Amino acid sequence: MTAWLLDLPLALGLFGAGAATLLARSLFGAVLGFISTGLIAALVWVRLEAPDVALTEAVIGAAATSVIILYVASRMSAGAVAPAPPPIAQRLLAGALSVLLAALLAHALQELPDPAPSLAAPILETMVPTGLGNPVTAVLMAQRALDTLLESAVLVFAVFAIWSMAPERRWGRAPGPAFIAEAQGPLAFLAKVLPPIGIVIGIYIAWVGADAPGGKFQGGAVLAAMWVLPWIAGLIAPPSISDMRLRLAIAAGPLVFLMVGLAGFAVADGFLAYPPGFAKPLILLIETAMTLSVAAALACMIAGPPERRAQP
Amino acid sequence: MAELLTGAAALIVLSALIGLARVLRGPTRADRLLAAQLLSTAGIGALLLLSAAGAPELIDVALVLALVGAFASVAFVMASRVIDRR
């Protein structure tokens, strides 16, 4: 009975935060509206009984995306050139198309048969031989493993794209700007206290993904956040972008995934097929390597291309 | 009991949403930032109440949100530290 008391404010809040993002006069206000929208969306996913999506929304929306866009927005507004707003006709057209899309989606939702078509039952039947307890992980790592493999390769290419923004003379330096070490203050305190706890929680989230909400992306993102914090406080320096260990860490996940996939030709039915009885250990092996890669790639995306000047 | 906990979660969400007005109105950057941070704190509270109301897997979501919730503030500091160096 009290469910609507929670769901109605969440739905209105999501709408309000979205409107606040679009109507904000300053770039900074729009970015914070976007972060708020993500936080409310995480709660909405919880109410829709999709805790895996909620976890991803919380960790990617609240940590990775908010750090990247808030940082970029602050640096843009510090520059001399303000981005020109698009012409009014373009904005009206974009608004009209968005309203049309929303109306079509709402109409499609009304037309859904009741009960809605679902693949949940066949998935729950076929996930038994994988030994996994979380149907979301079973779909990602067994039924739709090829999609996940391609997604994991996207991370590597994203880091390529960011690093290729570096000017020639800075190639081979450490990624991102350099920060002056701060011995005192709340940031230094947080950077010393949080990472030990956060690393344990990050590994836990990646590990528990086999049986409960969690997994490599969420755990890896938490680990990346725990590296970013002491880096901003100036307590640790990132490795050079030509460091082979860093490059190997970023590529490890897709590489292991691909090798397990190719091994499927020899020991199982084909590409990305797991031999019976070995599905769970192999999936855990891929997940471990992927957690490392997601953490390294996300940390490199947050840091950005090398821009460190010569040290004084 | 679950009804009561869900109602309490609704109350928390509602109070945080009132704070959302500060994200829109400001006037200072710190007001906007703290209003967004209030939302993440309220989210942790609501998630814990909902997990006690019968969805134990939500504790992990609350745990992660507690860990990374402060990162909007960290990014704010990060940007100001880079710009101060110029």
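In this text the structure is predicted, and so the values were computed from the model without any measurement. Residue numbers start from 1 in every chain, and the chains themselves are labelled A, B, ... in the order their sequence lines are given, proteins ahead of strands.
Summarising the geometry, atom CG belonging to Leu10(A) is positioned 6.5 Å from atom CG belonging to Leu17(B); distances are rounded to the nearest 0.5 Å. Between the CG atom of Leu70(A) and the CG atom of Leu33(B) there is a distance of 6.5 Å, given to the nearest 0.5 Å.
Each of Ile40(A), Ile197(A), Leu190(A) has some count of heavy-atom pairs under 4.5 Å with chain B, and the biggest count is that of Ile40(A). Most heavy-atom pairs under 4.5 Å with chain B, from the set Gly29(A), Pro186(A), Gly33(A): that is Gly29(A).
A heavy-atom distance below 4.5 Å is not found between the side chains of Ile35(A) and Leu39(B).
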Name every donor-acceptor pair, under 3.5 Å, that has one atom in a side chain of residues 41-64 of chain B and the other anywhere in the protein, sequence neighbours excluded.
residue, atom, partner, partner atom, Å
Thr41(B), OG1, Gln37(B), O, 3.0
Ser51(B), OG, Leu48(B), O, 2.8
Asp60(B), OD1, Tyr204(A), OH, 3.0
Asp60(B), OD2, Tyr204(A), OH, 2.8

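The ring pair (Phe, Tyr, Trp, His ring centres under 6.0 Å) analysis of residues 12-33 of chain A, with sequence neighbours excluded, yields the pairs Phe28(A)-Phe76(B).
Heavy atoms closer than 4.5 Å to chain B are found in the side chain of Ile201(A), but not in its backbone. Using a 4.5 Å cut-off between heavy atoms, Ile232(A) touches chain B through backbone and side chain atoms alike. If you measure heavy-atom distances from Val31(A) to chain B, you find no contacts under 4.5 Å at all. Proximity to chain B (any heavy atom under 4.5 Å) is shown, for Leu32(A), by both the backbone and the side chain.
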Would you please test Leu55(A) and Leu65(B) for side chain to side chain contact (heavy atoms under 4.5 Å, CB included) and show each step?
-> CA-CA 8 Å; Leu55(A) 193 60; Leu65(B) 198 56; over 6 Å; no
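Minimum interatomic distance between Ser66(A) and Ala75(B) (heavy atoms only, all atoms of both residues): O-CB, 4.1 Å. Summarising the geometry of Ala225(A) relative to Val68(B), their closest heavy-atom pair is CB-CG1, 4.4 Å, with the distance given to 0.1 Å.
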